[in-house]
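Written below as structure tokens is the structure these notes are about.
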Amino acid sequence: MFTLIQISDCHFARDPEALYRDENADRNLARLRVGVEAMAPDGLVLSGDISEDGSIESYQRVAGQVRGWAPLRAWLPGNHDNKAAMAEVLCEPDFDAGPVLDWGGWRIVLLDSAFGDRGDGTVDEARLAPLEAVRSEASDRPALAFIHHQPMPVNAPWIDKYGMANSELLWRRLAGTRVQAVGFGHVHQVFKAEKNGIVCLSAPSTVANSLAEMDVFTPDPTGPKARWYRLHDNGRWQTGLISAGMN
Ligand SMILES: [Fe+2]
Ligand SMILES: [Fe+2]
């Protein structure tokens, strides 16, 4: 069994005391450490908006916190990230940019939906090419895909207006693959649905979340979260959320 934890939307800034939606990004990520380490994860996926301002300092401080949380760590970008700065700091051997990872008995695909500093995302054939590695004829491994933007509306207008263009192309390219679930970030709320036999799951933010399915961002008082996956070699899997401790 492989335990994977998805960390998303940390929104660190150059100034460690900066507030994001009235919350401190550094301290709220730190509040998840006890819950993450209690699961003894084998791997972490950082699924974008790791920085709020794309600064080198923000990536350095996230890396400093999470480096010890799991032996394997990988990342993909979100709309707030600076891909060059992210790649410079979150580099090998400590961090892996994929886009294809063989973790445990599973194959993990990391997809890029971010472009420029626009809030909405997009995919195209080139960005979806890593899915070739999980086509049924290419691999026997059960698979997960991660991407920053939501692959379907989450019924929250404030964030669905920053959705993913070309999501229908994503769904066409997922057909015929071994992908069992698509994990995403960006929406800062809990979401789970199923489409075409594939489960779609958000990881809420590690800094600030909204209650689900609201017209405007409405603070969720239950605080920062991360998502865990237990990936069994026989293709079965479970998932759930980690909440911040009181430390
Ligand atoms: Fe975000
Ligand atoms: Fe985002």
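Both counts, for ligands and for their atoms, begin at 1 and track the order of listing. Given the structure is predicted, the values throughout are model-derived calculations rather than measurements. Quick note: residue numbers are just sequence positions, from 1. These values consider heavy atoms only, across backbone and side chains, with no hydrogens, waters or symmetry-generated copies.
A side-chain donor-acceptor contact under 3.5 Å links Arg73 to the backbone of Arg67.
Note on His188: counted as a metal contact of the Fe ion (ligand 1), an N/O/S atom lying under 2.8 Å. None of the N, O or S atoms belonging to His149 lies under 2.8 Å away from the Fe ion (ligand 2).
Not less than 6.0 angstrom separates the ring centroid of Trp75 from the ring centroid of Phe95.
Classified by interplanar angle (parallel below 30°, tilted 30° to 60°, perpendicular above 60°), the ring pair Tyr20/His11 is parallel.
Residues meeting the side-chain contact (heavy atoms from CB on, under 4.5 Å) test with Val199, sequence neighbours left out: Ala181, Lys192, Glu194, Leu201, Trp237.
Side-chain contact check for Asp9 and His188: at least one donor-acceptor pair (N or O, by modelled atom type) lies under 3.5 Å.
With the Fe ion (ligand 1) as vertex, Asp49 OD2 and His11 NE2 subtend 90°, rounded to 10°. Our summary of the site lists the angle at the Fe ion (ligand 2) between ND1 of His186 and OD1 of Asn79 as 90°, to the nearest 10 degrees.
Among the heteroatoms counted here (N, O or S) of Asp9, OD2 is the one nearest to the Fe ion (ligand 1).
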